[in-house]
There are 2 protein chains.
Amino acid sequence: MSYQSRKQIILKILDEKGDVDVKELAQVLETSEITVRRDLGTMAADGLLYRTHGGAMRLSLVNQPISFVQKSAVNAEKKDHICRIAAAQIQDGDVIFMDCGSTVFRMCSFIRDKRIKVITNSLPVVHELLNSAVSVNLIGGEVDPERQAVHGTMATEHVRRYQADKAFLGVGGISVEKGLSAVSEKEAEMTLSMAANAQVTYLLCDSSKLGKDKYLTFAPLSIIDVLVTDEQDSEVIQAFSKAGVQILN
Amino acid sequence: MSYQSRKQIILKILDEKGDVDVKELAQVLETSEITVRRDLGTMAADGLLYRTHGGAMRLSLVNQPISFVQKSAVNAEKKDHICRIAAAQIQDGDVIFMDCGSTVFRMCSFIRDKRIKVITNSLPVVHELLNSAVSVNLIGGEVDPERQAVHGTMATEHVRRYQADKAFLGVGGISVEKGLSAVSEKEAEMTLSMAANAQVTYLLCDSSKLGKDKYLTFAPLSIIDVLVTDEQDSEVIQAFSKAGVQILN
DNA sequence: TTTGATTTGTTCAAAAATAATCAAAATAAA
DNA sequence: TTTATTTTGATTATTTTTGAACAAATCAAA
């Protein structure tokens, strides 16, 4: 049995169990311990595993995989409903903006296989679409650790350079009277920039946010074209509709 | 039996089992081992299989993509040595560039507690510094999934807007004769941009890359100021020193 | 901290696999 | 048919891989 074959087996065991010891491998591979040690040595040098005393460990256990923790999955079902509808609006070839809202993030799993370009300031979105059919353009600027997103002058300017077919945005609150409101100026600025440079602006908004205002009101209702929500035909919805916003639910 | 017929059989066995050894094939094909070896040799040259000692393997088993985490684990000790030295050059208040090299990535753990600003095009670096004392500026542009980094025109332009105290860069290879070389044009472009906009340019380079040239040579030695390496006083090092590069090791 | 057991690195020799060279056999071309 | 070319197998030298032996390093328990 060649080194390459042993390597495959070792990797497989490591993938299943997470760790192995030399003696165990020597038995499984029907070879001597010294050979196993040599194999583990070269594999460690190639960065395929982490060598421990007496054995080896899977790298992912040592060096935690890169992943972004998402905001609590509050209203997960509602959000998924909204995202399904929003994703259906996208066609292959589209260029779309996606902001750093938690609802917008959930769209990722519904657009992985689309041949589109996504321009975003959200790190979790980038991470989620990294190995997908989607081509990603990341907006540059100051990283906001709390929101895991990019904001600031540079980011705004970056957005201004691009023209998108559609923008998919989140928001803190929305009402007919006061329009759009946010909890942070940074997010508000990004929302405005994206809306300004997109042909059609979709607002993804679960029913808990409808008719609510957050501390910073920053834009009139008119900057959005379509409101995607889970709320069925209610008074609030009809008010939005009357105010000239198209409703999808 | 002709080579073509044997080839078909070998490929079929390989497809079913994943690997074979020469002796086994010699029996099945009713021919000598030397002939089998010759067959495997030509087939490997044609890219039909991967030749191992004593046999062959299916290509799909061998060609597994190497993740960034894995790459950064190669020569880990050397890299950590280099990173410790590099990190010691940084003072609170500094603005620094960091590129998407795997050695540069390892610097993260040594600079987490510094009060500095890091400007980078590397997603792993951003992730690693997300919850640290470091303030991060992310370079925007097209995301390259393979390198987990941002490149392109927009990225280059972004860098041009900033002036940094220090740049910490990786490279594919470096030699006194040909200067800096890279495996991709994108990386080369980013290296050039960062070097151009930094007061002092540090090249982080473990000994395995010294004196080696990669396919794309893109810059003279003069664009770097300091070479940080693990290689102790050797001929190669002295040559670099004589060429005007400061050495840290 | 010391002790004892285990693991590892190193060196070396045996074994296995390969490369290189050359001649015989099979095949194709004139 | 003869001649040239390709393919194959045998032989030998070289390289790679493997396992054993032993000193050094490491770990765990007393």
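Both backbone and side-chain heavy atoms feed into the values below; hydrogens, waters and symmetry mates do not. Here is the naming used below: chain letters follow the sequence lines, and residue numbers restart at 1 for every chain.
- Under the 4.0 Å criterion applied to side-chain N and carboxylate O atoms, E24(B) and K17(B) are assigned as salt-bridge partners.
- Residue contacts shown for T31(B) are limited to sugar-phosphate atoms, with no base heavy atom under 4.0 Å away.
- The aromatic rings of Y202(B) and F168(B) lie parallel to each other, their planes meeting at an angle below 30°, with 60° marking the opposite boundary.
- Contacts of residues 3-21 of chain B with DNA chain C (heavy atom under 4.0 Å): none.
- First and last contacting nucleotides of DNA chain D toward chain B (any atom under 4.0 angstrom from a heavy atom, 5' to 3' order): dT8(D) to dT17(D).
- Mapping S2(A) and S2(B) onto DNA chain D via the closest heavy atom, the residue that lands nearer the 5' end is S2(B).
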Walk along nucleotides 9-21 of chain C from 5' to 3' and tag each nucleotide B, S or - by protein heavy-atom contact under 4.0 Å, base first, then sugar-phosphate.
-B------SB-B-
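- In this structure, R6(A) pairs ionically with D39(A), as a charged nitrogen and a carboxylate oxygen lie closer than 4.0 Å.
- D80(B) has a carboxylate O that lies under 4.0 Å from a charged side-chain N of R106(B), or vice versa, which qualifies the two as a salt bridge.
- Only one option out of D99(B), L138(B), T120(B) pairs with V125(B) in a side-chain contact (heavy atoms from CB on, under 4.5 Å); it is T120(B).
- Comparing the start and finish of the helix from dT1(C)-dA30(D) to dA30(C)-dT1(D), five pairs each, the helix axis swings through 40°, to the nearest 10 degrees.
- Looking at H158(B) and M154(B), their side chains never come closer than 4.5 Å, going by heavy atoms from C-beta outward.
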I'd like a table of donor-acceptor pairs (distance under 3.5 Å, sequence neighbours excluded) in which one partner is a side-chain atom from residues 25-32 of chain B, with atom names and distances.
| unit_1 | atom_1 | unit_2 | atom_2 | d |
| --- | --- | --- | --- | --- |
| S32(B) | OG | T35(B) | N | 3.4 |
| S32(B) | OG | T35(B) | OG1 | 3.0 |

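- Using a cutoff of 4.0 Å between basic side-chain nitrogens and carboxylate oxygens, R147(A) and E187(A) are scored as salt-bridged.
- With respect to the salt-bridge test (charged N to carboxylate O, under 4.0 angstrom), the residues K117(B) and E142(A) qualify.
- Checking L61(B), L59(B), V20(B) one by one against L14(B), the side-chain contact (heavy atoms from CB on, under 4.5 Å) holds for a single residue, V20(B).
- Contact of the V200(B) side chain with the V226(B) side chain is registered, since non-hydrogen atoms from C-beta on lie closer than 4.5 Å.
- For D230(B) (side chain) and S207(B) (main-chain N/O), a donor-acceptor pair under 3.5 Å exists by modelled atom type.
- Considering only residues two or more places apart in sequence or on other chains, S109(A) meets the side chain to side chain donor-acceptor pair (under 3.5 Å) condition with none of them.
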